[in-house]
Amino acid sequence: LVSWNSLLNMYAQRGELLKAEQLFERMPEHSLLSWTVLLSAYAREGRIEQAQRVFETMPAMDLVSTNSMLAAFAENGDLESAMEIFDEMPARSISTFNAMLIAYVRCGDFAGARWFMEEVMEERDVVSRTTLLTAYAERGYLDVARCLFEEMPNRDSAAWNGMLAGYAQQGRLEEAVGVFNAMPERDTVAWTTMLAAYAKSGDLAQGRALFESIPCTNLVSWNAMLSAYSKAGLLAEAGRLHDQMPEHH
RNA sequence: AUCGCUGUAU
């Protein structure tokens, strides 16, 4: 059953809904976990009604499955439905609270999000703070984002990447470079974000140089480089690069 | 002891 579930989860992660559905039906038995994976598969594709149907059909629910349903509403900006679930939960975890934070920021309710984090949540973690950080950064409140970043007791790669992306997306190349250089370690997300920052500023040469030095590329980093060329109208260069893309990407 | 839930890149 464990291996059925892992395969099911693999399809779910990739968004291969049909395969996930077929596998789910073919499985010899379903554990609570199988149901939860199916629910998340629908949620990830934005099929809220179907996720909800699974949620109602499931023979049992636990904290994780309820969190998944809550997260689905949250991602969709349905604060009301999210709250309804939240209020009725017999037990909550940090993921529960963090999902609620998403519900607030997806609604654009920043004051609500802050209030929730500071007054309602009994504990906050790096995920909670990064959620707020990126929400502010996306809206251009980079100084607020920076404050949240500075005040983090600990920063993981997503926190660093979130701050980096904030500057990158707002076209603040200098600050982006500053963050990038200050990072204790850089994963592919960080490299790709920095590449996108150069591309956005029109510095394709720097972008390309950076791209060449990425230790471990993936489809996203290739897409970033390719679309940088395309957007600049350098279709020939894009085509040349495209042909060099490794098969496994 | 990474089979499921929350934050970051195109």
Side-chain angles (χ1 to χ4, degrees), chain A residues 1-13 20 27 30-41 43-44 51 54-55 58 61-75 82 85-86 89 92-103 105-106 113 117 121 124-135 137-138 145 148-149 152 155-169 176 179-180 183 186-197 199-200 207 210-211 214 217-231 249:
Chain A
L1 184 57
V2 171
S3 28
W4 287 93
N5 281 338
S6 348
L7 187 58
L8 181 63
N9 189 37
M10 199 187 78
Y11 290 141
Q13 304 281 359
M27 289 170 69
H30 299 141
S31 64
L32 177 50
L33 200 143
S34 329
W35 286 95
T36 308
V37 173
L38 186 65
L39 193 168
S40 316
R44 204 164 287 129
V54 172
F55 189 62
M58 293 171 71
M61 299 165 224
D62 68 357
L63 179 58
V64 175
S65 57
T66 312
N67 280 345
S68 308
M69 191 67 246
L70 171 51
F73 287 129
E75 193 59 54
I85 292 189
F86 179 85
M89 290 175 77
R92 303 178 178 112
S93 66
I94 186 74
S95 299
T96 315
F97 290 98
N98 286 337
M100 281 301 292
L101 230 31
I102 293 287
V105 304
R106 288 287 179 274
M117 182 163 100
M121 292 176 69
R124 301 150 269 290
D125 67 2
V126 64
V127 176
S128 337
R129 298 177 220 272
T130 305
T131 300
L132 265 195
L133 186 162
T134 57
E138 273 168 16
L148 284 163
F149 181 75
M152 286 184 174
R155 304 173 187 90
D156 64 6
S157 64
W160 280 96
N161 291 338
M163 191 68 251
L164 176 61
Y167 288 126
Q169 288 161 1
V179 172
F180 187 75
M183 294 178 80
R186 301 170 191 91
D187 59 13
T188 304
V189 175
W191 285 95
T192 308
T193 308
M194 198 57 234
L195 163 58
K200 190 177 171 78
L210 194 95
F211 177 72
I214 301 182
T217 58
N218 63 16
L219 219 207
V220 179
S221 45
W222 279 82
N223 278 340
M225 193 68 248
L226 288 171
S227 78
Y229 282 129
S230 308
K231 278 180 190 157
H249 282 155

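From a predicted model like this one, the values you see are computed outputs, not experimental measurements. Just so we're on the same page: letters track the sequence lines, and every chain starts at 1.
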- Task: Quick one: label A:A135 by what it contacts on the DNA or RNA (base, sugar-phosphate, nothing), any heavy atom closer than 4.0 Å.
- Result: nothing

- Message: Below 4.0 angstrom, which residues in residues 220-229 of chain A have at least one non-hydrogen atom near RNA chain B?
- Response: A:V220, A:N223, A:A224, A:S227

- Which nucleotide span of RNA chain B, 5' end to 3' end, has atoms closer than 4.0 Å to non-hydrogen atoms of chain A? B:rC3 to B:rU10

- Query: Hey, does A:F55 have a side-chain heavy atom less than 4.5 Å from the side chain of A:W35?
  - Reply: no

- Looking across every strand, which nucleic acid part, if any, lies under 4.0 Å from A:R124 by heavy atom: base, sugar-phosphate, or nothing? nothing

- Query: A:T193 near the nucleic acid: base, sugar-phosphate alone, or nothing, with a heavy-atom cut-off under 4.0 Å?
  - Reply: sugar-phosphate

- Query: So, the side chain of A:R44 versus the backbone of A:A12: is there a donor-acceptor pair under 3.5 Å, distance only?
  - Reply: yes

- Task: Indicate, with a heavy-atom threshold strictly under 4.0 Å, whether A:T192 touches base, sugar-phosphate, or nothing.
- Result: base

- Task: Looking at every strand, decide which applies to A:D62 at a 4.0 Å heavy-atom threshold: base, sugar-phosphate, or nothing.
- Result: base

- Where do A:L70 and A:A99 come nearest, in terms of heavy atoms and distance? CG-CB, 4.2 Å

- Message: Regarding A:D156, tell me which of base, sugar-phosphate or nothing describes its non-hydrogen contacts under 4.0 Å with the strands shown.
- Response: base

- Task: Assign A:S95 to base, sugar-phosphate, or nothing according to its heavy-atom contacts below 4.0 angstrom with the strands shown.
- Result: base

- Message: Between A:S128 and A:T131, is there a side-chain donor-acceptor contact under 3.5 Å, judged purely by atom types and distance?
- Response: no

- Would you call the rings of A:H249 and A:W222 parallel, tilted or perpendicular, where under 30° means parallel and over 60° means perpendicular? tilted

- Message: Can you see whether A:S95 engages A:N98 through a side-chain donor-acceptor pair at a distance of less than 3.5 angstrom?
- Response: no

- Query: Donor-acceptor pair, A:R124 side chain versus A:M117 backbone, under 3.5 Å?
  - Reply: yes

- Query: Are any non-hydrogen side-chain atoms of A:Q169 and A:T193 less than 4.5 angstrom apart?
  - Reply: no

